[in-house]
Amino acid sequence: MTFLTGVAIGGLVSGMISDKFGRKRTLLISVFAQIVFGTVISFNPWFELFLVIRFFLGFVSVSVVFSAFVLCMELVGGKWRTISGVSYLFPVPLGYITVAGIAYVVREWRILQLTVTLPAITLLAAIWVIPESPRWLLAMRKQDRLMEVLKRAAASNKLPIPNDPEKILAKAPPQEKGNEGVGVATLFKTAQIRKISLILYVVWFALYMVYYGLVLNLSSIGDDIYLNTAISGFVEIPAIAISMLLLLKSGRKWPLCIVTASSGVFCLLVIAVPADAPSWVVVTLAMAAKFAISCSNAILPIFTAELFPTVVRNLGVGSSNVAAGIALMIVPYLWNLSMVYDKLPFVVMGVLGVVGGLCVLLLPETAGRPMPNTVEDLDRRGDNAKNNAPVIRSSAKKTVKIASIRPPSYRKKSDSEYY
């Protein structure tokens, strides 16, 4: 509980820090703090201090995850945004499998904690390898540092730099005034970003309730916790791979809606299984739901990062994690509902899965569109979607507006966007 409380609070606070001081700086400081706390807790003799350190471990761990994820998303563009974002998730199931193997050999928890903590020291080398997010630098008007990153990227990719790149960047759309006053309130500043924020909170809550509700239930299959942990990792690998194909071919909104709702449907189908049915029937449906919600778990972070503008992207992703963190704190007690009705946990997860999937339809599609930089940019896109719909007159002489289906890639780009 203390660890997950740290995750919930850390997701929000670290997002604010990252949006103000940069993705790279937040990432490296969080990695260092994670190493320190992970080492100290291994030698700590007091249970009360153990709980405090676990809270801070959750706080900095989620900061590592989200800062690095947003940095992955902002370093590339086009289809590589999808490939980079999804590929970032492949180490998660590999982590399940690896930790299961290490824990099978190292049974003492203090040694296990050190074993999984100390290798992270090598990640500090990222200070010389990973650049700061060029999108964040542009949004914060740090032109000199931005030019250094772009020149380094051009040299690495053996591409020429346009003449007078500083002038091209100067023509970029004006950003919010120095990004002053950017904070949690910014996520509810206008109707468009308020709608996106609230809907994403519902979807994230539903996703984590179903995903981790199933993960905890899988642990009851057999009595070998090491094997069960490894299996849960193997199930997720193909789900992530399929998610990448869905994102590249079918966009974000509809695939996320379908796989999230499907996980709920599979959970609800468990209700129809007779009490005397073989156990493998329930296990199969649970595994099908786990597969579907694992796809959602790969798609939703990318969709979330693309929906929020650069100036509050990390904060938006982090605030969504608060709703997810609340779900995580509830999940351990979800299976207590089985004392009322043995299949009631599946009913709760099924309803949440279906509701979460349908809520996705209220969000705008982001595939093939450049990510917004400011709240004003996001609002302009929302207004354009409403006002630029072509008008068609039917034979009954009624004026009807329809949504434009012209691919956004056909829109003429400015020099700054092209660069």
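Since this is a predicted model, take the numbers as computed values, not measurements.
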Quiz item: Backbone N or O of P372 within a donor-acceptor pair of the D377 side chain at under 3.5 Å?
Solution: no
Quiz item: So which heavy atom on P134 is nearest to which on L75, and how close?
Solution: CD-CD2, 3.6 Å
Quiz item: In Å and rounded to the nearest 0.5 Å, what is the CG to OH distance from L328 to Y208?
Solution: 6.5 Å
Quiz prompt | For F308, the option from L200, D19, V375 that meets side-chain contact (heavy atoms from CB on, under 4.5 Å) | solution = L200
Practice problem: Nearest 0.5 Å please: distance from the CD atom of Q34 over to the CG atom of L123. | Solution: 8.5 Å
Practice problem: Quick one: do L94 and I237 satisfy side-chain contact (heavy atoms from CB on, under 4.5 Å)? Show the steps, please. | Solution: CA-CA 8 Å; L94 295 178; I237 293 175; 4.1 Å; yes
Self-check item: Crowding at CZ, F32 (>12 non-hydrogen neighbours, <6.0 Å)
Solution: no
Exercise. Would you confirm whether K24, through its side chain, and I127, through its main-chain N or O, come within 3.5 Å as a donor-acceptor pair?
Key: yes
Quiz item: Is the shortest heavy-atom distance from the side chain of E236 to the side chain of Y211 under 4.5 Å?
Solution: yes
Quiz item: Of all heavy-atom pairs between A324 and W204, which one has the smallest distance, and what is that distance?
Solution: CB-CE3, 4.0 Å
Quiz item: Hey, is the main chain of P119 close enough, under 3.5 Å, to the side chain of T122 for a donor-acceptor pair?
Solution: yes
Quiz item: Should we say atom CZ of F234 is surrounded by more than 12 heavy atoms from elsewhere, each under 6.0 Å from it?
Solution: no
Practice problem: Step by step, work out the side-chain contact (heavy atoms from CB on, under 4.5 Å) result for T186 and L315. | Solution: CA-CA 10 Å; T186 309; L315 176 59; 5.6 Å; no
Quiz item: Do E132 and K142 sit within salt-bridge range, that is, some charged N less than 4.0 Å from a carboxylate O?
Solution: no
Practice problem: Rounded to the nearest 0.5 Å, what's the gap from CD1 on I302 to CD1 on I83? Could you check? | Solution: 10.0 Å
Self-check item: Exam field: side chain N157 to backbone A153, donor-acceptor pair closer than 3.5 Å
Solution: yes
Self-check item: Nearest non-hydrogen partners of P309 and I193, listed with the distance
Solution: CD-CD1, 4.1 Å
Practice problem: Could you tell me whether the side chains of R25 and S67 share a donor-acceptor contact shorter than 3.5 Å? | Solution: no
Quiz item: Within a reach of under 6.0 Å around NZ of K20, are more than 12 heavy atoms found that belong to other residues, nucleotides or ligands?
Solution: no
Practice problem: Using distance alone, with no hydrogens and no angle criterion, decide if S320 and T304 have a side-chain donor and acceptor under 3.5 Å apart. | Solution: no
Quiz item: Is the shortest heavy-atom distance from the side chain of S63 to the side chain of T26 under 4.5 Å?
Solution: yes
Self-check item: For the student: nearest non-hydrogen atoms of N297 and L89, plus distance
Solution: O-CD1, 3.8 Å
Quiz prompt | Atom of S296, atom of V259 and distance for their closest heavy-atom approach | solution = OG-CG2, 3.1 Å
Quiz item: Which of parallel (below 30°), tilted (30 to 60°) and perpendicular (above 60°) describes Y226 and Y104?
Solution: perpendicular
Self-check item: Side-chain touch R194/K189, heavy atoms, less than 4.5 angstrom
Solution: no
Quiz item: Any sub-3.5 Å donor-acceptor pair from S338's side-chain atoms to Y341's backbone N or O?
Solution: no
Quiz item: What's the spacing between S61 OG and F66 CZ if we round to 0.5 Å?
Solution: 11.5 Å
Quiz item: Does any non-hydrogen side-chain atom of E306 lie less than 4.5 Å from one of M73?
Solution: yes
Practice problem: Quick one: pull up CE in M287 and OG in S294 and give me the separation to the nearest 0.5 Å. | Solution: 8.5 Å
Quiz item: Knowing that exactly one of I35, V31, T39 qualifies, which makes a side-chain contact (heavy atoms from CB on, under 4.5 Å) with I121?
Solution: I35
Self-check item: Whether R313 side chain and A305 backbone form a donor-acceptor pair below 3.5 Å
Solution: yes
Quiz item: Roughly how far, to the nearest 0.5 Å, is the OG atom of S263 from the CG atom of L352?
Solution: 9.5 Å
Practice problem: From the options F3, F56, F55, W109, select the one residue that forms a ring pair (Phe, Tyr, Trp, His ring centres under 6.0 Å) with F50. | Solution: W109
Quiz item: Is there a side-chain contact between L246 and R252 (heavy atoms, below 4.5 Å)?
Solution: no
Quiz item: Are the side chain of K343 and the backbone N or O of V270 linked by a donor-acceptor pair below 3.5 Å?
Solution: yes
Quiz item: If only atom types and distance count, is the side chain of S197 paired as donor or acceptor with the main-chain N or O of L187 below 3.5 Å?
Solution: yes
Exercise. Evaluate whether atom CZ of R145 has more than 12 neighbouring non-hydrogen atoms of other residues, nucleotides or ligands under 6.0 angstrom away.
Key: yes
Quiz item: So, do P301 and V317 sit near enough that their side-chain heavy atoms are less than 4.5 Å apart?
Solution: no
Exercise. Decide yes or no for L307 and T366: does some side-chain heavy atom of the first lie under 4.5 Å from some side-chain heavy atom of the second?
Key: yes
Self-check item: Pair Y201-S319, side-chain donor/acceptor within less than 3.5 Å
Solution: yes
Quiz item: So L198 and F188, side-chain contact (heavy atoms from CB on, under 4.5 Å) or not? Walk me through it.
Solution: CA-CA 9 Å; L198 294 176; F188 307 93; 3.8 Å; yes
Self-check item: Any I196 side-chain heavy atom under 4.5 Å of L378 side chain
Solution: yes
Self-check item: Flag for S18-W136: side-chain donor and acceptor within less than 3.5 Å
Solution: no
Quiz item: Between E365 and K253, is there a donor-acceptor pair closer than 3.5 Å when you use the side chain of the first and the backbone of the second?
Solution: yes
Practice problem: Let me see the working for R152 and E148 under side-chain contact (heavy atoms from CB on, under 4.5 Å), right down to the final yes or no. | Solution: CA-CA 6 Å; R152 179 180 169 187; E148 291 178 7; over 6 Å; no
Quiz item: So, for C295 and A239, which heavy atoms are closest and what is the spacing to 0.1 Å?
Solution: SG-O, 3.5 Å
